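Since this is a predicted model, take the numbers as computed values, not measurements. Order of the sequence lines sets the chain letters (A, B, ...), proteins ahead of strands, with each chain counted from 1.
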Amino acid sequence: MQRSLPAALAIAFGLFLLFVAIPAGVKTPMHVQPGSLGPADLPRYLAVMLICAGAILLAESVLGNSTDSGQATAMSWRRAGLLAGKLLVFIIALNVLGMVPAIFCFVLLMLWGSPDHSLPKRLAIATLFAATIYVVFVELGNTPLPLGLFEQR
Amino acid sequence: MEHWLSVLSLVGDWRVLLFLPLGVVLGAVVGAIPGLTVTMAVSILLPFTLFLDPLPGLVLLLGIYKGGLFGGSISAILLNVPGTPAAACTMLDGYPLARQGRAGEAIDVALWASFLGDLLSVLALILFAGVLATIGLRFGPVELFALILFSLTVIAAVSTSGLARGLIGGILGLIAGTVGLDLVYGTERFTFGSPNLLDGIAFMPLLIGLFALPDIFLYYARGGVLVHTKPIATFSNLRIGPKVLRSLLPTIGKGSTIGIMLGAIPGIGATTATFVSYAEARRTAPDRAKFGSGALSGVAAAESANSGTGAATLIPLLALGIPGDIVTAMLLGAFYFHGLAPGPLLFQNDLDLVHGLYLTLLISSAIVFLVGRYMTVHLQRISEIPLDLMYPIVISLTAVGAFALSNALFDVYVMLAAGVLGLAFKLMRIPAAAFLIGFVLSPLLEDNMRRVLLISRGDVGAFFDSWIALGFYATTLGVVVTIVARALQGGGKRGSAGQL
């Protein structure tokens with residue numbers, strides 16, 4: 001399963017491109033120079049090649065002659081979910097609070113589970129880093145970092 | 001004379017003189033910290049360098065690259081953890097030497113080998129890039145199409161994950177490169193009504209996400225598996241004498257040559273070069289009996305080949321506009337951002353910049369040596385900074401960098417999405433480098449394909465109407481046949497692996 005998953009996904013994505021994404025997502029012009037390459041042609045060729053490459057990989061995994069030497073990198077889905085949650089909070093905070101406060105919250109959140117850092121240390125690191133970003137990019141670099149809610153005032 | 005004065009004024013710019021050593025130090029620090037990679041550092045800093053003039057920006061990135069090539073050896077020797085994939089071979093003999101209390105000698109050999117390998121590599125770049133660019137001037141759309149096809153196939157073929165996975169990565173990159181307005185007809189492709197995608201998927205956020213984030217995501221998803229090791233050996237001031245250095249010179253020369261030759265071929269990379277060089281030294285070096293248990297030649301062979309690839313990877317980039325590995329693909333993006341197009345015309349239109357680049361590369365070789373000579377003790381201490389402290393800061397910096405390029409939050413989302421894609425690639429062992437190079441070369445491939453078909457009025461035979469193109473096709477076919485035959489013979493046994 002581990003070996004055939006990328007193959008199956010490649011084939012599925014190739015078919016999706018061929019029958020859904022290219023017809024729906026590529027606008028064909030009124031006139032294409034005869035013998036030339038239309039806007040949908042290269043994506044179509046590539047989709048076919050993707051299906052072929054997927055099929056080769058599938059054949060390799062089925063025949064057991066795969067060049068796949070290593071184990072897929074093990075990871076905990078619970079921890080991955082937790083990380084995705086933290087990143088989601090970061091994205092929401094970016095829109096709501098703006099870049100600098102979002103960075104403060106994100107750094108604090110990421111350091112939360114770490115047993116090596118006490119709460120004052122975590123707060124100090126997050127504050128220091130967010131303040132550095134503000135000084136370097138907003139004050140010195142004049143980069144208009146998003147201000148979120150504060151922008152409306 | 002006027003030309004060289006102009007070159008000197010470019011190189012004498014205070015920003016060049018500041019960023020060059022800064023880049024080398026930064027690269028050495030990053031290379032020395034297991035868990036941080038040179039590609040990660042380059043991708044994080046790339047957006048910030050785009051606000052600089054071309055040369056200062058490029059030398060900062062090149063400094064990181066070159067410093068990182070050496071820095072990886074420090075943790076390999078002292079911690080038994082390679083700071084970069086290419087330093088894996090250095091570990092085989094460097095760590096046993098450190099255990100014998102000879103860490104200082106091992107690092108000194110690594111330093112000399114890196115310095116000489118790097119110097120020879122820069123000289124090779126100076127000698128061959130111009131010649132190759134002159135040949136490249138004769139390339140028309142047919143030859144360029146064949147060259148792009150050759151590069152993509154080699155990159156896919158030598159990936160550690162096998163040919164099929166490499167192809168999937170490359171094809172996905174080519175498909176991603178078609179997003180946006182069609183260059184000739186002006187119609188939309190895969191934008192689905194989003195104005196943010198009219199110019200295509202932004203290169204920098206994609207790059208940052210793809211190469212800076214997946215390792216960090218994986219670290220957290222594994223629950224911080226990469227535990228920091230305390231150094232088993234501390235750096236001592238023991239250094240090798242001139243006699244030992246002289247005895248190592250043939251190994252260093254051979255390793256550098258292997259590094260230069262393999263580095264100049266798109267897709268091969270430093271890791272393969274180090275393994276080939278190590279295997280060669282194991283066969284021929286005077287202390288070959290000690291290999292694996294602490295041979296100075298082992299360290300010298302690996303490090304000289306590793307650094308030998310450094311400037312050599314720039315040969316196809318500068319001369320033909322073809323990136324050979326991840327870092328040169330990133331540099332290609334930086335060139336484009338500054339309105340410069342690497343390739344034969346760069347040598348005609350921006351020769352000052354090219355020569356300025358050569359000069360700074362030569363200077364950086366000396367800086368790498370000085371940094372290694374006097375800063376190793378500090379680099380060793382820095383390598384002990386915990387990753388759980390560093391990674392949140394790195395993620396935040398990538399977000400700021402992605403935003404700062406076009407002041408658009410959309411780019412931050414693209415970067416995070418690219419990070420997730422990179423993680424998926426990692427889990428499915430699809431080489432992200434093949435994806436990136438496919439993405440970069442996609443518009444070039446389509447443009448040249450279109451030109452050939454337009455000129456020949458749709459005659460597909462025109463793709464074979466050139467001896468140079470036929471040569472590229474034959475080499476491409478040869479590479480594919482060799483890889484497939486080896487896979488069939490070995491029954492899945494992998495050969496020496498490339499870094500891609």
Side-chain angles (χ1 to χ4, degrees), chain A residues 5-7 9-10 17 21 25-29 32-39 42-43 46-47 49-50 53-54 56-57 60 64-70 72-76 79-80 82-83 87 90-91 94-95 99 103 106-107 110-111 114 116-117 125 129 133 137 141 143-146, chain B residues 51 160-165 167-168 171-172 174-175 178 182 184-192 217-218 220-223 386 388-389 391-393 395-397 399-400 403-404 407 409 412-413 416 426-430 442 445-446 449-450 453-454 456-459 487-488 491-494:
Chain A
L5 181 68
L9 282 176
L17 276 172
V26 181
K27 288 182 185 163
T28 315
V32 175
Q33 184 109 6
S36 170
L37 207 61
L42 183 66
L46 292 170
M49 285 167 70
L50 186 64
I56 293 169
L57 190 59
E60 276 181 359
N65 194 27
S66 172
T67 49
D68 186 356
S69 61
T73 316
M75 60 176 247
S76 149
R79 287 180 194 279
L82 197 67
L83 174 68
L87 288 171
F90 182 48
I91 291 172
L94 268 177
N95 282 286
M99 183 71 87
I103 285 175
F106 180 68
V107 174
M110 294 299 279
L111 292 175
S114 171
D116 299 338
H117 312 296
I125 292 166
F129 183 63
I133 292 286
F137 290 96
T143 310
L145 293 181
Chain B
F51 298 103
T160 51
S161 323
L163 179 64
R165 277 186 167 87
L167 279 176
I168 290 172
I171 295 167
L172 286 174
L174 287 169
I175 292 168
T178 63
D182 182 275
V184 171
Y185 295 100
T187 55
E188 293 176 30
R189 290 196 292 198
F190 308 119
T191 59
F192 299 103
F217 287 174
L218 201 58
Y220 285 110
R222 283 160 150 184
D388 59 353
L389 192 69
Y391 278 164
I393 293 172
I395 297 176
S396 307
L397 273 178
V400 177
F403 177 84
N407 299 332
L409 272 179
V412 180
Y413 307 147
L416 290 171
K426 220 171 230 314
L427 294 172
M428 290 191 282
R429 306 188 63 248
I430 306 274
S442 182
L445 182 82
E446 190 174 23
M449 228 173 137
R450 233 177 214 155
L453 288 172
L454 270 174
S456 67
R457 298 178 184 218
D459 178 15
L488 290 174
K493 203 192 293 175
R494 307 288 300 130

Checklist entry - Taking only residues two or more places apart in sequence, or in another chain, which ones meet A:Pro144 in a side chain to side chain contact (heavy atoms under 4.5 Å, CB included)? => result B:Asn407

Checklist entry - With B:Asp459, which residues qualify under side-chain hydrogen bond (donor to acceptor under 3.5 Å, both in side chains), at least two apart? => result none

Next on the checklist: Once rounded to the nearest 0.5 Å, what's the spacing between atom CG of A:Leu87 and atom CG of B:Leu416?
Outcome noted: 6.0 Å

Item to check | Heavy-atom contact with chain A under 4.5 Å, split by part of B:Ser396 | outcome: both

Next on the checklist: Please report the interatomic distance CG(B:Leu445) to CG(A:Leu46), rounded to the nearest 0.5 Å.
Outcome noted: 7.5 Å

Item to check | Contacting region of B:Phe190 [heavy-atom separation from chain A under 4.5 Å] | outcome: both

Item to check | Per-residue contact mode, B:Leu409 against chain A (heavy atom under 4.5 angstrom) | outcome: side chain

Checklist entry - Which pair of heavy atoms, one from B:Arg222 and one from A:Arg79, lies closest together, and at what distance? => result C-CD, 3.8 Å

Checklist entry - So which of B:Ser442, B:Ser456, B:Pro392 has the largest heavy-atom pair count under 4.5 angstrom toward chain A? => result B:Pro392

Next on the checklist: With a 4.5 angstrom heavy-atom cut-off, is it the side chain or the backbone of B:Ile168 that approaches chain A, or both, or neither?
Outcome noted: both

Item to check | Selection from A:Ile133, A:Leu82, A:Ile103 maximising heavy-atom pairs under 4.5 Å formed with chain B | outcome: A:Ile103

Item to check | Smallest separation among heavy atoms of B:Val412 and A:Leu94, with atom names | outcome: CG1-CD1, 3.8 Å

Checklist entry - So which of A:Ala47, A:Pro39, A:Gly25 has the biggest tally of heavy-atom pairs under 4.5 Å with chain B? => result A:Pro39

Item to check | Region of B:Phe217 in contact with chain A, defined by heavy-atom distances below 4.5 Å | outcome: both

Next on the checklist: If you count heavy-atom pairs within less than 4.5 Å of chain B, which of A:Ile56, A:Leu83, A:Val107 leads?
Outcome noted: A:Leu83

Next on the checklist: Quick check: closest heavy atoms across B:Ala164 and A:Ala53, and the distance to 0.1 Å?
Outcome noted: CB-O, 4.1 Å

Next on the checklist: Is A:Met99 in contact with chain B via its backbone, its side chain, both, or neither, using a 4.5 Å heavy-atom distance?
Outcome noted: side chain

Checklist entry - Side chains of B:Tyr220 and A:Met110: does their closest heavy-atom pair fall under 4.5 Å? => result yes

Checklist entry - Which heavy-atom pair separates A:Gly38 from B:Tyr185 by the least distance, and what is that distance? => result CA-CE1, 4.3 Å

Item to check | Pick from A:Leu111, A:Ile125, A:Leu42 with the largest number of heavy-atom pairs that fall under 4.5 Å of chain B | outcome: A:Leu42

Item to check | Heavy-atom proximity to chain A below 4.5 Å, by part of B:Ile430 | outcome: side chain

Checklist entry - Quick one: does B:Leu397's side chain get under 4.5 Å of A:Phe129's, heavy atoms only? => result yes

Checklist outcome for this item: Heavy atoms of A:Pro146 and B:Phe403 approach each other most closely as CD-CZ, 3.2 Å

Checklist entry - Measuring from A:Glu60:CD to B:Leu163:CG, what's the distance to the nearest 0.5 Å? => result 7.5 Å

Checklist entry - Taking B:Leu167, B:Leu172, B:Val400 one by one, which has the highest count of heavy-atom pairs under 4.5 Å against chain A? => result B:Val400

Item to check | chain A contact via B:Val184 - side chain, backbone, both or neither, heavy atoms under 4.5 Å | outcome: neither

Checklist entry - Is chain B contacted by the side chain of A:Ala10, its backbone, both, or neither, given a heavy-atom distance below 4.5 Å? => result side chain

Checklist entry - Minimum heavy-atom separation for A:Pro6 to B:Arg165, with atom names? => result CG-NH2, 3.6 Å

